[in-house]
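Note that this is a predicted model, so its numbers are computed, not measured.
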Amino acid sequence: PVKLDRVEAGLAPHDLYFEPDGGGQLYLYFGSDEQSLPLYDLMGRVRDADIKSAPEVFLGRKHKNPGHLATTLGSYRSALFRLLMAFTVLLLGIVLVRLIRRRLME
């Protein structure tokens with residue numbers, strides 16, 4: 001048996017560094033297994049002093065990404081088909097209403 005005198009746990013820090021374009025509100029989208037993470041070489045552009053002086057922020061409530069319609073290509077196809085069907089039904093409804101009005105006017 002091995003006898004341990006001392007155990008020390010360590011954890012490497014994980015920081016997210018954002019370079020905002022417009023100065024507006026930032027959103028963090030996560031959870032997609034299909035996307036690969038972008039790789040940026042920030043070591044030459046970010047100094048330790050800048051990282052230490054950066055404000056600490058916290059994540060807010062979870063929100064659904066409004067720009068993400070579906071998770072797979074099949075889901076996109078299904079969503080597009082439903083949109084096309086809704087448009088067709090709307091168009092048919094307009095044509096029917098105009099036809100009924102025209103018949104009533106005669």
Side-chain angles (χ1 to χ4, degrees):
V2 176
K3 185 175 182 178
L4 301 175
D5 292 333
R6 190 173 132 202
V7 175
E8 199 172 308
L11 176 70
H14 296 281
D15 298 318
L16 292 175
Y17 184 79
F18 293 96
E19 292 181 337
D21 289 335
Q25 195 170 12
L26 294 175
Y27 293 95
L28 174 65
Y29 298 118
F30 62 94
S32 175
D33 296 332
E34 299 173 5
Q35 301 296 323
S36 61
L37 294 174
L39 299 174
Y40 301 108
D41 183 18
L42 297 176
M43 294 307 292
R45 298 187 319 195
V46 181
R47 298 178 314 193
D48 286 339
D50 293 336
I51 292 174
K52 290 177 183 170
S53 67
E56 185 175 353
V57 297
F58 300 95
L59 297 178
R61 287 185 358 200
K62 268 184 159 180
H63 295 283
K64 190 169 184 169
N65 181 353
H68 188 69
L69 299 175
T71 55
T72 63
L73 185 58
S75 298
Y76 277 112
R77 190 177 299 127
S78 173
L80 184 61
F81 180 72
R82 280 182 275 160
L83 181 66
L84 183 62
M85 289 304 291
F87 180 71
T88 303
V89 168
L90 179 66
L91 190 61
L92 279 173
I94 291 171
V95 168
L96 282 174
V97 166
R98 294 184 86 189
L99 224 144
I100 290 171
R101 281 187 181 172
R102 187 174 294 161
R103 295 276 172 132
L104 289 175
M105 294 289 188
E106 291 178 354

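In this view, L104 and I100 satisfy the side-chain contact (heavy atoms from CB on, under 4.5 Å) rule, not counting sequence neighbours. Under the side-chain hydrogen bond (donor to acceptor under 3.5 Å, both in side chains) criterion, R61 pairs with no residue, sequence neighbours left out. Shown here are the side-chain hydrogen bond (donor to acceptor under 3.5 Å, both in side chains) partners of R98, two or more places apart in sequence or in another chain: there are none.
Under the 4.5 angstrom side-chain criterion for Ile, Leu, Val, Met, Phe, Trp and Tyr, the cluster partners of V7 are V2, L4. In the hydrophobic clustering, M105 connects to no other residue, as no ILVMFWY side-chain heavy atoms lie under 4.5 Å from its own. In the hydrophobic clustering, where aliphatic and aromatic side chains (Ile, Leu, Val, Met, Phe, Trp, Tyr) are joined below 4.5 Å either directly or transitively, M85 groups with F81.
Among residues at least two apart or in separate chains, there is no side chain to side chain donor-acceptor pair (under 3.5 Å) pair with a member in residues 85-95.
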Show me the side-chain donor-acceptor pairs of residues 90-97 shorter than 3.5 Å, one per line, residues at least two apart or across chains.
none

